[in-house]
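Structure first, commentary second.
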Protein chains: 2
Amino acid sequence: MTVQTKDPKGASGERKISPTRLKVLQVAAGLFADRGFSGVGVNEIGEATGLGRGALYYHISSKEDLLYDITTAYMSNLITDARAIAASEPDAVTRLQKLSRALMMTISEHLSEMTVCFRELHALTAERRKAVTGLHSDYQAIWSETLAAGVAQGVFRPVPSVVLKGLLGMYFYSFLWLDPRGPQNAVEIGDAFAEVVIKAVRAS
Amino acid sequence: MTVQTKDPKGASGERKISPTRLKVLQVAAGLFADRGFSGVGVNEIGEATGLGRGALYYHISSKEDLLYDITTAYMSNLITDARAIAASEPDAVTRLQKLSRALMMTISEHLSEMTVCFRELHALTAERRKAVTGLHSDYQAIWSETLAAGVAQGVFRPVPSVVLKGLLGMYFYSFLWLDPRGPQNAVEIGDAFAEVVIKAVRAS
DNA sequence: CTCCCATTGTACCGATCGGTCATTACGGCA
DNA sequence: TGCCGTAATGACCGATCGGTACAATGGGAG
């Protein structure tokens, strides 16, 4: 669950992230989730972190960089976790349940970041938006492979890709109504959604 | 499929909408869908409609009014259509299929407006946002009643409300990937989604 | 003590923000 | 002809936008 940024110059490995920068990322995610990327000014981000605008720009390179880091960090975590599940769980039904739980837990625990990730893509430059949508495709591919495995195991029916997009949308759209402190926790919702998915794609 | 605005002062019925204002609403919806509400300036809206900023403000009262009209108009249409379907189709399964088709067709035909409606709620003032989320609840209630009718008819199982929220999210989230000129049209996608919903909630 | 460097605050840049203003042009009507 | 409501113009308002320049601060190492 580490947050990474690209090495600014060289080709070597990952860079240490300062606690200040981490806090800036968290605070910015909350503000962006509340009022949208364009609706939040950099001075506001600075004040919310206890920094002035000048001090803030010592830790970040641009406002859009901030958005890019938020959108990529947790989507990468999601993919990493999902790959681990896919590699360790051969049974398609069980794998789907685990993927479902993991997805809802990540959305619930990092609601602000995920909201930004799903809702503020349009504020990125074309190339960076392409990179983020690529991550979304990568994640979808893991689910797609799981469905294919279920078909091979005879428990799932083949479904068009638009159905998978819809089923994932069921999870992704939850950022708009999910209350992490609501009556149902992420695990319960994840299990309920997994039941929906399994019934929807079960072989007849 | 008419667009309405509230009577500015009196209590009498609806007001005539000028063709210019209608065009402003459509153009603004496209711009907001592209770059977000806060990412679009009023001068840009004016230029895109062939009006100057001053002329634009003759037709609208504020930028946020524009957003409010966009979000409410088509959501109201959606509710009106859904109510008509619910009133005319007693069979729960068939009603669900018709609701599914109508929803996907509206999203597909008015993709910009629906994108704004789902994604830019946060830019509204608290009271207006409450009004729009109220419309969303009204729409969800129609689906909820349909599911309840199916339970009464013995064809559906009772499902928690979070499952209905998820299933509707399957439709709503489609604004992010739907291509109205894609290989599958709205009717096909609506039917595919209806099949998913029916399998997911079918009585065992 | 001195040097160094990470960190921060302040002032400032040109541009744009949403919104208002007085003014003008036009077409129908009496 | 004079009048009026509709429509459009473009300048202007104070405020804020994202970003930069630079001096000051402070603590640790030599």
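Here is the naming used below: chain letters follow the sequence lines, and residue numbers restart at 1 for every chain.
- A centroid separation of 6.0 Å or more is found between the aromatic rings of W177(B) and F172(A).
- Taking 4.5 Å as the limit, every side-chain heavy atom of Y74(A) sits out of range of all side-chain heavy atoms of E109(A).
- Look at CD on E47(A): it is 12 Å from P on dG18(D), rounded to the nearest Å.
- Between the CG atom of L51(B) and the P atom of dA8(D) there is a distance of 5 Å, rounded to whole Å.
- Looking only at distances, no side-chain donor or acceptor of S100(B) sits under 3.5 Å from a matching main-chain atom of D191(B).
- In this structure, of dG18(C), dT9(D), dT8(C), it is dG18(C) that holds the atom nearest to the side chain of Y57(B).
- Positionally, the nearest nucleotide of DNA chain C for H59(A) lies more toward the 5' end than for the other of H59(A) and R53(A).
- L67(A) has its CG atom 14 Å from the C1' atom of dG18(D), to the nearest Å.
- Neither OP1 nor OP2 of dT16(C) sits under 4.0 Å from any side-chain N or O of N43(B).
- Applying the 6.0 Å contact sphere to NZ of K23(A) captures no more than 12 heavy atoms from other residues, nucleotides or ligands.
- As a whole-Å value, the separation of Y58(A) OH from dC22(D) P is 18 Å.
- Between the CD1 atom of I45(B) and the C1' atom of dG19(C) there is a distance of 13 Å, rounded to whole Å.
- At the heavy-atom level, G41(B) lies under 4.0 Å from the strands shown only through sugar-phosphate atoms.
- We find that CD1 of I60(B) is positioned 10 Å from P of dG18(C), with the value rounded to whole Å.
- Separating the NZ atom of K63(A) from the C1' atom of dT20(D) is a distance of 17 Å, rounded to the nearest angstrom.
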